[in-house]
> 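Handing you this structure, nothing more for now.
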Amino acid sequence: MQLADLAGPVTDAHVHLMPDRLMRAIRDALNDAAGWEFPHPTEREAMEENLRAAGVDRYLALPYAHKPGIAAELNDWVLARADESAMAVPFATVHGDDDVDEVVHDAFEAGARGLKFQCPVQECGPADPRLDPAFELAAEYDRPVLFHAGTAPMFEDSPHVGIDQFREFLDSYPGVRACCAHMGTFNHEAFLETARDNDNVFLDTAVAMATAGDTVRFDPGEVGDDVFEELAGRVMFGSDYPNIPHSYRAEWEGLLARELSDEAFEALFGGAADRFLGAR
Ligand SMILES: [Zn+2]
């Protein structure tokens, strides 16, 4: 089975769209830390051509600000690219040391559909009080937040990730839909348990569910088919494209090979993202 064989439109809920200079810096950092090389383009047109060829109709375009002072411009850039695109759903970001309220308010007013935080890299996470103005605006505007909140692939020592921080966020902002990227790896059991208890918790499959050997030292088989049935509508297909050291196919082929109901497949590849975005 291919993505194009699915009945509904396909959404990739975890794609990075950022200016070339930033993408190069991110890739250099990942190359230094993990030795990863990236065979995928970073320009919007080329990325979208490849995604469309793979059967993707729409993607969440995620930026993140690794230092203060760049988020506002970065958000504007993503919003402008999304304006030119039939596929990109623009997200925004902010750094803890920015004027958080102003940056996020401007981004939401300009059309950003949610927020993305790469918590360990940005050194600000779901329980960081500096981000409270951002989370309050997410509640006010009914926009979801996507966190890199797990410890994979190299953040076991970061104080900005982990289930405790994420749960603190859920307690503080019970009305905000929150996704923990990468199935919460390497704390996936705790994140799955939290998702079972809370309808506003989402997960994405990016990299964690890839059939790519030991890219992140996680066996996708640890997540049973029953999880995709039980949490249908809250597990979103995502890829981390184009910053993956393996093929795009590796991100979806293991998922499509699972024995899931039509409803679970529809939710995984589209419905859950709609729900995350507040569209249903
Ligand atoms: Zn990512």
Side-chain angles (χ1 to χ4, degrees), residues 11-20 22-34 36-42 44 47 50-51 56 58-67 70-71 74-75 77-78 81-82 88-95 112-126 144-155 158 160-161 166 178-188 191 202-210 212 215-218 220 235-248 250-252 255 272-273 276:
T11 301
D12 184 330
H14 193 137
V15 169
H16 290 294
L17 184 63
M18 284 184 267
D20 214 45
L22 260 184
M23 287 293 244
R24 265 204 306 275
I26 291 166
R27 287 176 163 199
D28 286 348
L30 287 166
N31 182 277
D32 284 349
W36 293 354
E37 306 273 354
F38 304 95
H40 309 290
T42 58
R44 181 186 65 79
M47 284 168 55
N50 289 351
L51 290 170
V56 174
R58 183 180 67 158
Y59 64 92
L60 306 193
L62 310 175
Y64 58 85
H66 65 292
K67 61 180 184 187
I70 65 168
L74 181 56
N75 294 340
W77 185 91
V78 172
R81 298 292 81 70
V89 179
F91 269 49
T93 191
V94 69
H95 190 279
R113 300 284 299 278
L115 295 174
K116 155 78 180 183
F117 295 96
Q118 212 312 358
C119 308
V121 171
Q122 296 187 227
E123 299 187 335
C124 47
V145 185
L146 196 152
F147 293 107
H148 182 128
T151 53
M154 60 193 77
F155 303 118
S158 169
H160 307 285
V161 296
F166 192 73
C179 176
C180 178
H182 312 296
M183 296 303 279
T185 48
F186 297 121
N187 322 98
H188 73 287
F191 280 99
F202 291 72
L203 300 157
D204 78 44
T205 62
V207 187
M209 293 292 105
T215 303
V216 287
R217 296 177 284 135
F218 182 74
V235 182
M236 306 187 283
F237 165 64
S239 68
D240 231 349
Y241 186 80
N243 288 343
I244 42 177
H246 44 260
S247 70
Y248 189 67
E251 290 289 330
W252 53 261
L255 293 168
F276 183 58

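Just the heavy atoms: all of them, side chains too, but no hydrogens, waters or symmetry mates, feed the values below. The first residue in the sequence is number 1, and the count goes up from there. Every number for a ligand or one of its atoms is a count from 1 in the order of the listing.
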> Between Asn243 and His16, does any side-chain donor sit less than 3.5 Å from a side-chain acceptor?
no
> Is any side-chain N of the basic residue among Arg24 and Asp28 closer than 4.0 Å to the acidic one's carboxylate O?
no
> Do the side chains of Gln122 and His160 get nearer than 4.5 Å, heavy atoms only?
no
> For the residue pair His40 and Tyr248, is the inter-centroid distance of their aromatic rings smaller than 6.0 Å?
no
> Tally every protein N/O/S atom whose distance to the Zn ion (ligand 1) is less than 2.8 Å; waters are neither shown nor counted.
3
> Would you say the rings of Phe218 and His182 are close, in the sense that their centroids are separated by under 6.0 Å?
no
> Could you tell me whether the side chain of Ser239 and the main chain of Ala206 form a donor-acceptor pair under 3.5 Å?
no
